[in-house]
Novice: 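Below: one structure in structure tokens.
Nothing here was measured: the structure is a model prediction, and the numbers come from that model. For ligands, and for the atoms within them, numbers begin at 1 and follow the listed sequence.
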Amino acid sequence: MEDRYAFLAEWYDPTAALLRRFQLFFYPKDGSVEMFDVKNQRVFLRRTKYDNIHQEDLFMGNRVNVFSRQLNLIEYGDQYTANKLGSKKERTLALIKPDVVTKIGDILELIYSSNLIVTKAKMTKLSWSQAADFYMEHQSKPFFNNLVQFVSSGPVVAMELMGDEAMSIWRKLLGPADGAVVRREVPRSIRAQFGTDGIKNVAHGSDSLAAAARELEFFFPSTIGHCPSNTAVFTDCTCCIIKPHAVSEGLTGKILNSISEAGFQISALQMFSVELANAEEFYEVYKGVVPEYSSMVNELSSGPCMVLEIHGTDVSKTFREFCGPSDPDIARHLRPATLRALYGSTKVKNAVHCTDLPEDGVLEVQYFFKILDG
Ligand code: ADP
Ligand code: MG
């Protein structure tokens with residue numbers, strides 16, 4: 001029998017101002033989808049081939065875009081789907097420590113090549129007391145003060161990693177904490193490759209599922225409340241969005257590496273799931289001007305994107321040039337070393353958005369890091 005995955009999904013219907021529930025079915029064999037209206041008990045969308053959904057996108061809490069409808073996946077629809085797709089899925093916290101924040105691209109590459117995906121990310125700077133809270137369990141250890149001092153000494157990047165056995169896979173990738181031990185015994189691990197010593201050891205990984213739940217809540221609270229704030233500076237800056245298609249293709253590490261290698265300074269970084277209405281608002285100036293407007297809106301709201309604040313004097317123009325012409329095919333001809341030439345496929349799926357006009361840099365950065373991260 002053909003494989004069929006089932007999900008319960010919610011869609012906010014703006015016309016009726018109602019949350020509607022659907023069963024969403026996905027057929028991996030041909031990538032087709034089908035929707036069933038739960039309340040009215042009828043077929044809502046007949047089985048149709050749809051190229052923009054992939055099996056990797058189908059996990060709890062994710063938002064997927066089906067024919068311009070943003071669906072929140074809230075439950076597996078049957079036991080078969082839960083067993084097949086959900087049983088070993090875990091979430092864990094990876095915290096990139098201040099010594100290696102500029103190596104984030106390399107670290108993401110290693111994460112993706114271990115079949116984990118990054119579902120949340122936020123660059124933040126912890127105060128002494130926030131760092132002490134986070135490392136509470138080590139309060140009585142002799143290295144506690146040094147550890148807290150180090151972790152609060154500069155920006156860190158908190159990430160939620162998801163995948164089969166995510167917690168142990170990430171800890172295995174990291175290797176043991178001790179600098180001498182890790183270099184001697186696990187020379188290919190992240191800590192051996194990028195670490196300095198027992199304290200400056202690249203990153204943290206939760207050591208149990210309970211710890212993961214607590215630590216994820218610390219950085220990404222499930223209810224509105226206090227959480228460590230982003231690091232945007234809102235001056236001399238431009239906005240870069242790594243688009244959802246590039247995030248889901250696992251290109252974030254490569255793109256961040258290219259940006260850093262070109263000498264640009266990333267002063268804020270955060271992943272956002274942009275609501276359709278917010279995508280419309282963000283792209284408002286292109287409405288009626290650019291024929292791709294509605295496709296651009298759909299792309300931006302089709303899944304998580306990664307937003308960067310790039311900081312520097314007159315950075316807007318140089319960063320735009322570095323992104324290249326908006327059409328990747330043209331970019332490949334004229335400017336083959338640009339981000340869009342390297343990582344884009346079409347005018348809409350062109351890997352990155354960058355601010356057009358220098359005077360809009362601060363506004364676009366504010367839109368994400370002040371309004372949406374409010
Ligand atoms: P891990 O980070 O692998 O979970 P621990 O939970 O044991 O390791 O320790 C937390 C952090 O405290 C380590 O990552 C390291 O930065 C620091 N640390 C641990 N042990 C020592 C030590 N003996 N000397 C200095 N720092 C240490
Ligand atoms: Mg630990």
Novice: Which pairs pass salt bridge (Lys or Arg N to Asp or Glu O under 4.0 Å) with one or both residues in residues 263-290, sequence neighbours excluded?
Specialist: Arg63-Glu275
Novice: Charged N to carboxylate O below 4.0 Å: is that the case for Glu90 and Arg171?
Specialist: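 Looking at Glu90 and Arg171, the cut-off is not met.
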Novice: Do Asp78 and Thr81 pass the side chain to side chain donor-acceptor pair (under 3.5 Å) test, and can you show the C-alpha distance, the side-chain angles, and the key distance before you say yes or no?
Specialist: CA-CA 6 Å; Asp78 56 28; Thr81 308; 2.5 Å; yes
Novice: Students should find this: residues with any non-hydrogen atom under 4.0 Å from ligand 1. What is the answer?
Specialist: Lys97, His138, Phe143, Leu147, Arg171, Ala177, Arg191, Gly198, Ile199, Asn201
Novice: Strictly below 4.0 Å, N to O, side chains only: are Asp30 and Arg47 in salt-bridge contact?
Specialist: yes
Novice: Hydrophobic clustering (ILVMFWY, side-chain heavy atoms < 4.5 Å, transitive) - are Leu209 and Met162 grouped together?
Specialist: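 No, it is not one cluster - the side chains of Met162 and Leu209 are not joined through contacts under 4.5 Å.
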Novice: Between the side chains of Arg332 and Asp329, is the shortest nitrogen-to-carboxylate-oxygen separation below 4.0 Å, so that they form an ion pair?
Specialist: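 The answer is yes: the pair qualifies as a salt bridge.
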